[in-house]
Structure formats: C-alpha cells, structure tokens
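Working notes, beginning with the structure itself.
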Number of protein chains: 2
Amino acid sequence: MDDFIATCRREGLSVTYQRIVIYKALSSTKTHPSAEMVYRMVKKEYPSISLATVYKNLETLADHGIIAKVTPLHDLARFDADTNLHHHLVCVHCKKIIDIHDTNLNEIEIEHEKAPGFQVLGYQIQFVGVCNECAVKQQISEAV
Amino acid sequence: MDDFIATCRREGLSVTYQRIVIYKALSSTKTHPSAEMVYRMVKKEYPSISLATVYKNLETLADHGIIAKVTPLHDLARFDADTNLHHHLVCVHCKKIIDIHDTNLNEIEIEHEKAPGFQVLGYQIQFVGVCNECAVKQQISEAV
DNA sequence: TTGGATGCAAATACTTTGCACACGG
DNA sequence: CCGTGTGCAAAGTATTTGCATCCAA
C-alpha cells in the first residue's frame, strides 16, 4: 500500500482515504470487477462512499497507468461481418479498430496447465497503440 | 449476399429486408461499427427502420456466428490492479475473467508491414471459452 | 489557502423489453 | 396460418456531469 501512495504522489494525485480504499479493494481480488462491484466491496469498509467517486477514481487510476482496464473498448458494442480468425489494432486515442490478418498469429497455443479446466474455443489479440492520424495530430499539437 | 440468405435459411432465421440491409451495411465497412453507426448507415437505404431492430438483429446474427462482436465484454467496464503484461481467459457464459501469466505469450511481434503507420504500444490476448463451473452446469442441464 | 477530490442528484448514453401489428415460410 | 420479426415507446442499466462542499498538500 506504501507503493500505491508513493505512486500517487509521483503522479501528482492526492492521496485520499477513498482512493486508498478503492485501490485496496481492487488489488485484493483477481476477479476483474466492474465499478459497481468495487463499490460494493468498498462500502464494507467505507459505507458513505459514493458510486461516482468509485467511477471517477477507477478512471483516473487507469489514466495514470496505476490500474488497468481489462475492457478498453467497453463503452460501445462493436461488430464485424468478418468471422474468420483475425486480430485487431486499437488506437488508444480515437478507438479506431483496424483488422490484422497475419497467419503467424493464428497458431498460438496456451499451455494446458495454465488454464486448468478451461475449455479454450478461440482467441483474439488486441494490439493497442496510436494510429497514423492520431500520431500526426499529436505532433501538430506538440509543435504549438 | 446470396451466401447470407443461404446462411440465414440454414440457421432457421427469417430472411427479412431489414436483416439483409443490416448485414449489407456491416459487411460493406471495415470500421467495426457500433449499433448506432449501423443504424445510421442502414437509414440511408431504409429510413423507416427502427434502432431496436438493428440492435436485435446484430445480437441475433452474432449469436448465430454470422457476424462477430469485436467487444464481447462491452457491457461493463472491468478493472485490474495488475498492470504487468498478462493475458485473459474469458468464459463466454458467465463472463468470468481469469488471468494467464505465460511468458511464452509475451514476445509476440507483429510484422511491421501489416500495420503501416501504426505505433504498437502493447497487446493483450483474450482467450474465449468455457470455464470449469459453466462446463459442469452445462453437463447437468444436458443430462436432464 | 487552493486546487483537486468527494458526494449528491440529475443528466446522458447505451441497450433491452413489452406489445400490437406485419410478414416470411 | 403460425411463428418469427418489426417498430414504437417505455424501461432499465451503466456511466458521466455539475456543483457545492471538503480536504490534502
């Protein structure tokens, strides 16, 4: 937890009791909870906390790379007519999704003991990064 | 488009004008649109279509594997305190997310020419499948 | 003391649902 | 004709925002 406090300081984030309790709740579980689930966990230790605070903190901590969003594209369901095995590039800025057809990526195997009891049906790789257009925009805004 | 009609027949889905226009819109683009975006595209050809019909059709077509959801976990933002490179198993039934730490999966490279102009910052593999608990439940319900 | 953080309530965004009617098979 | 699909409106769920107050630095 001292690590967390130091990281907040380094990132210029205030160290509030709420923030600590939220982080403690998230780091105590491997269940990859939603904001609502974190809220329920946190309420046990701090019943007066507000759901909005949980949302704001999870977003802030993710922005600073202190926690991770498992579902970076969760805000909108997005569809694809191409049902063949392929992968995606996702631009972190504009959320654009670009198809990657690369047969080298189609033979990934997971060691069975890493996923005991889990029946793997398929997989999908999400590369995250910055697309051409957004990189250009960034350069322009930095040049100002 | 004949393929699509044949597939619908095979899957026991009625072939309606709306369904065809929705599929045509989705398959005409590589932008991985949301339901709202598909709705806007479809409205040009069929202005009286309802947004609910678009939602219902996208869901139905995805259920039958005729189209794909790029974002199977879109319904809820989910967080992880572990920011180290690792991957996830997702159960298609209960949406449980299980961590996979397997260093073999941490050295995937994308051929540069496959993603021209895209600056790759990282990646994440989502394995989809059925978890132990859901597999057991399925066996029980099939045994009835 | 001051800017960031909190908490409440209201607003918004996305998606689903119920139901009467229409239409495909 | 029967059952699935459509369209509308209403409801539901997830998330964000505005703003007054509070608190960490």
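Values in this document were obtained by computation on a predicted structure and should not be read as measured data.
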Whole angstrom value for the distance that separates C1' of C:dA13 from NE2 of B:H74: 12 Å
Earlier contact from the 5' end, DNA chain C, for B:Y55 and B:T16: B:Y55
Residue pairs involving residues 6-40 of chain A (criterion ring-ring contact (aromatic ring centres under 6.0 Å, His included); sequence neighbours excluded): A:F4-A:Y23, A:Y17-A:Y46, A:H32-B:H88
Side-chain donor/acceptor of B:S50 to backbone N/O of B:A52, under 3.5 Å: yes
Integer-rounded Å distance: C:dG3 C1' and A:L13 CG: 13 Å
Touch class at under 4.0 angstrom, heavy-atom based, for B:T60 against every strand present: nothing
Closest-nucleotide 5' rank along DNA chain D - winner of A:A35 and B:S50: B:S50
Rounded distance in Å - CZ (B:R40) to P (C:dA13): 12 Å
Shared hydrophobic cluster, A:L85 / B:I67 (ILVMFWY, side-chain heavy atoms < 4.5 Å): no
Joint hydrophobic cluster, A:Y55 plus B:L73, side-chain heavy atoms closer than 4.5 Å: no
Interatomic distance, B:R19 CZ vs C:dC23 P [rounded to whole Å]: 15 Å
Most 5' of B:L76 and B:Y17 on DNA chain D, judged by nearest nucleotide: B:Y17
Same cluster (ILVMFWY, side-chain, under 4.5 Å), A:V136 and A:V92: no
Side-chain donor-acceptor contact under 3.5 Å, B:N106 with B:H101: no
Nearest-angstrom distance from the residue atom CG of B:L73 to P of C:dC14: 19 Å
Angle between terminal axes - the helix from C:dT1-D:dA25 to C:dG25-D:dC1, 5 pairs each end, rounded to 10°: 50°
Smallest separation among heavy atoms of B:D75 and B:K95, with atom names: OD1-NZ, 4.5 Å
Candidate pair B:H87 and B:Y123, rule ring pair (Phe, Tyr, Trp, His ring centres under 6.0 Å), full reasoning: CA-CA 9 Å; B:H87 308 286; B:Y123 65 90; 5.7 Å; yes
Value in whole Å for how far the C1' atom of C:dG7 lies from CG of A:N57: 12 Å
Terminal contacting nucleotides, 5' and 3', DNA chain D versus chain A (heavy atom, 4.0 Å): D:dA14 to D:dA25
Donor-acceptor pair under 3.5 Å, A:K56 side chain vs C:dG7 base: yes
Spacing of A:K43 atom NZ relative to C:dT6 atom C1', expressed in whole Å: 14 Å
Main-chain N/O of A:L26 paired with A:T29 side-chain donor or acceptor, under 3.5 Å: no
Phosphate contact (C:dA22 OP1 or OP2) by B:Q18 side-chain N/O below 4.0 Å: no
Sugar-phosphate only, base, or nothing, as touched by A:Y46 at under 4.0 Å among non-hydrogen atoms: sugar-phosphate
B:A52, nearest nucleotide to its side chain (from C:dG7, C:dT6, C:dT17): C:dT17
Considering all heavy atoms, the nearest B:S28-B:M41 contact: OG-CE, 3.8 Å
B:S14 vs B:L51, nearer the 5' end of DNA chain C by closest nucleotide: B:L51
